[in-house]
There are 2 protein chains.
Amino acid sequence: MATTGTDLSRMREMNQLSIVWALRGNQPSTVTELAGRAGLSRPAVDVLVQTLVADGWAEVEEPGANSVVGRPARRFRFRADAGHVLGIDIGVHKILVMLSDLEGNLVHTLRRPADPEADPRTRLAAVDRAIDEVLRRAGMTPADIWAVTLGVTGPVDASGRTIISTPLPGWTAADPVAHLAARFPCPIQVENDCKLAAVAERWKGVASDADDIVFLLAGLRTGAGLILDGTLRRGHGGAAGEIGALKAVRWLSAPGHLENCPGIPATAAPGEAAAWVFQAARDGDRQAKTAVRRYTRDLAVGVAALVLALDPQVVVYGGGFSRSADVVLEPLRQELTKHCLRLPELRASTLGDESVALGAVRLALDEVDSRLLSDGLAAPTAPTA
Amino acid sequence: MATTGTDLSRMREMNQLSIVWALRGNQPSTVTELAGRAGLSRPAVDVLVQTLVADGWAEVEEPGANSVVGRPARRFRFRADAGHVLGIDIGVHKILVMLSDLEGNLVHTLRRPADPEADPRTRLAAVDRAIDEVLRRAGMTPADIWAVTLGVTGPVDASGRTIISTPLPGWTAADPVAHLAARFPCPIQVENDCKLAAVAERWKGVASDADDIVFLLAGLRTGAGLILDGTLRRGHGGAAGEIGALKAVRWLSAPGHLENCPGIPATAAPGEAAAWVFQAARDGDRQAKTAVRRYTRDLAVGVAALVLALDPQVVVYGGGFSRSADVVLEPLRQELTKHCLRLPELRASTLGDESVALGAVRLALDEVDSRLLSDGLAAPTAPTA
DNA sequence: TGAATTAGTAAACTGCTCAGCATTATCCAG
DNA sequence: CTGGATAATGCTGAGCAGTTTACTAATTCA
């Protein structure tokens, strides 16, 4: 807790930031409203907001039709389009690129299928093409981007590399940060997909009210992302949440119960088998229900370990299987009751397979914010890594 | 991230606090040194430190023999004895009371045996007597105490009550906060013993360099305390770290391997059996070594679950068994290698059975600090709950 | 004894917030 | 259409905190 001394200029910086925080994510606001929100006096807010307008961080909205008595107030709006960030999900089967403004509004979203067998070079080339397409549509250049966050499967270390256990072929040799740094001058971040999805779920998803969250990315692979006390926990080596690696936790084999369920039509695509089983279970098929129960039982051990270790408020069931949460959540709850001391809330994700890219956007925005907090806000320009 | 506006007086408060922070835990310091540490100018520090002296937070040390060239500087010292806190460990077999000044120096420590079968009323009465004795020796009254933290076994909720699973007979009905609040006007806190021991280990123990710590309280009971990103994680319901409740994790039965080891002399006291086995294993006894290996194997599953879930930097082996860490750590390391992706450092606690009370002191001091941060520092007086 | 060095102190200056008052723009009633 | 009521804006002076600069005081060493 090393508090450091403050002087006047730093104080002004902080007050200016508090105005930005009060402006952002709100309707265009009058000076009086901002003064209330930021806890400052009206004159102080006035001059602060003037300099924000002069620097390009905010813009004035001249008063229009106003049904209230008295002189109509000018309203100030945060210029969310002063900068943009990219959130990118590099999945096994797809690439998802999201372009967002500084308020987190999505400007463009682009989805491209990916070859599951592609080597890192090919995969990164596909990512490059997708990014180019998004920038082209938005009429932007890499210099307009303030931060980029990439999501990949497998644990990611501090340098953005995936050392151990990734289902992306050859990915342990890839250095995605270096690859993107060649094109983007701004900060570049790589993060594990489960962690990003957890972040998204707290930002725009089903757990926005909770500070302690265990997020399950359930699909053909199972993973977890942890948010404790409102912030993402990466672990010392970036490998937090990898409980699936424990042999007693059968997350690796759990989806097998679904894929090997008797009765799956031979016509079903490899990725569709699980969906078929869930639907069959929903329709009352006996064998399918057994398969789901077995899957849930294997899943529950790992979830219980996380719940007992962390005592979260909410467990979010997300990932590709979350569309079938209606047949999973109840048996999962029953299994957890057997294992746990205190049962957390169980919720199904609503963000579907966009959660990873969305979480990447949020992390990129956090990066921008932390730059603002440490460097203060001069004119809005892209920070350099 | 709701930044709030600042004005001059708040700024002064913060700078004053930064001087206190720079003063505390250091040798008596000159104004110039403080200015460097706090990042303020010399004149500014001078007037701040003057008011600190006037308020009773600091005292001057007139310059004595000084071998350096130039005018000798006055030195200022934090008045650590301006206030005191109590850290109390209510164990099954013992009660340990620590009285500490504001710098964390222990003024008095008192250990009293406790009846394992005592009901809560009797136990709390014994605690009262121990507290009275400590206060008497220090010549203090309850009004001189600024914060009290109690450590108990079993998970503790936000109100300081232990709802589930405690080895203290009848304790679920006890309300220790209410009991102590009748005597102490200051803030009172109750916390789980494993969590407190973890805090102590990061404060004065073997993990002071780490921010992500899994602490094991190993004894006839096994428990865990978690420190992530440098702060204690309680979990949403205060039950974080209770991985031992999982059936696949055999922490409940693990110490049984030691107690049921053949060859234990009948003369050994019930609590001494384990120590005998550890010693025998150290001496090369075949059966004892097998017992230790079995114990370690059961222990390792739970540790591996925590390590995989959290990816800590350090695992600290503490509690009553930590004296025998030399025969446990190596087999534990081998077991963990089988389970984990990334092996954290393994360290043996050096605080022994004082860690819980010491952690309680640290938490009480944190309480005092957070009061200072939020309320600022007027004259040093005991805060009221 | 005087030069060098460092600490303490006072004054001038900058920059910020705030309170209060005059000004301005709008609505509405007569 | 006009004057009064209402509320936002703009301006000025007061107060406060920290920095800079310069000066004085106290000590050591040659």
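Proteins come first, then strands; the chains are lettered A, B, ... in the order of their sequence lines, and each starts at number 1. Quick caveat, the model's predicted, so the values are computed rather than measured.
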Minimum-distance nucleotide (side-chain atoms of A/Met11 versus C/dG8, D/dA8, C/dT17): C/dT17

Going by the rule salt bridge (charged side-chain N to carboxylate O under 4.0 Å, His left out), which residues pair with A/Glu191 if we only count those two or more places apart in sequence or in a different chain? A/Arg234

When we call it a touch if two heavy atoms are under 4.0 Å apart, what does B/Ser9 touch: a base, just sugar-phosphate, or nothing? nothing

Sugar-phosphate, base or nothing in reach of A/Val31, heavy atoms under 4.0 Å: sugar-phosphate

Take the protein atom CD1 of A/Ile19 and the nucleotide atom P of C/dC16, then report the distance between them rounded to whole Å. 14 Å

Please check the phosphate of D/dG18 (OP1 and OP2 only) for any side-chain N or O of B/Ser41 closer than 4.0 Å. no

Of all residues at least two apart in sequence or in a different chain, which pass the side chain to side chain donor-acceptor pair (under 3.5 Å) check with A/Gln50? none

Nucleotide D/dA26, atom P - distance to CZ of B/Arg75 in whole Å: 19 Å

What's the closest nucleotide to the B/Arg12 side chain, out of D/dT20, C/dT9, D/dA17? D/dA17

What is the distance from CG of A/Leu48 to C1' of C/dC18, rounded to the nearest Å? 13 Å

Those residues that, when tested against A/Ser208, pass side chain to side chain contact (heavy atoms under 4.5 Å, CB included) (two or more places apart): none

Using atom CG of B/Asn15 as one end and atom C1' of D/dC16 as the other, report the distance to the nearest whole Å. 13 Å

Could you give the CG-to-C1' distance, from A/Asp46 to D/dA8, as a whole number of Å? 10 Å

Indicate yes or no for a side-chain donor-acceptor contact from A/Lys195 to the backbone of A/Ala240 under 3.5 Å, with no hydrogens or angles considered. yes

Using atom CD of A/Glu33 as one end and atom P of D/dT9 as the other, report the distance to the nearest whole Å. 10 Å

Go through D/dG10, D/dT20, C/dA7 for me and flag the one nearest to the B/Ala73 side chain. C/dA7

Considering just the side-chain nitrogens and oxygens of A/Arg74, establish if one lies under 4.0 Å of OP1 or OP2 belonging to D/dG10. yes

Between the protein and nucleotides 21-25 of chain D, which nitrogen or oxygen pairs come in under 3.5 angstrom?
from, atom 1, to, atom 2, distance (Å)
D/dA25, N3, B/Arg71, NH1, 3.4

Using the side chain to side chain contact (heavy atoms under 4.5 Å, CB included) criterion, which residues pair with B/Pro43? Sequence neighbours excluded. B/Ser41

Output for pair (A/Leu99 CG, A/Ile145 CD1), nearest 0.5 Å, gives 5.0 Å

Calculate the interatomic distance between B/Glu61 atom CD and C/dG8 atom P; express it in whole Å. 13 Å

Rounded distance in Å - CD (B/Gln50) to C1' (D/dG18): 16 Å

Residues two or more places apart in sequence or in another chain: which of them pass salt bridge (charged side-chain N to carboxylate O under 4.0 Å, His left out) with A/Arg42? none

Measuring from the side chain of B/Pro72 (C-beta onward, heavy atoms only), which nucleotide among C/dT9, C/dT17, D/dA26 has the closest atom? D/dA26

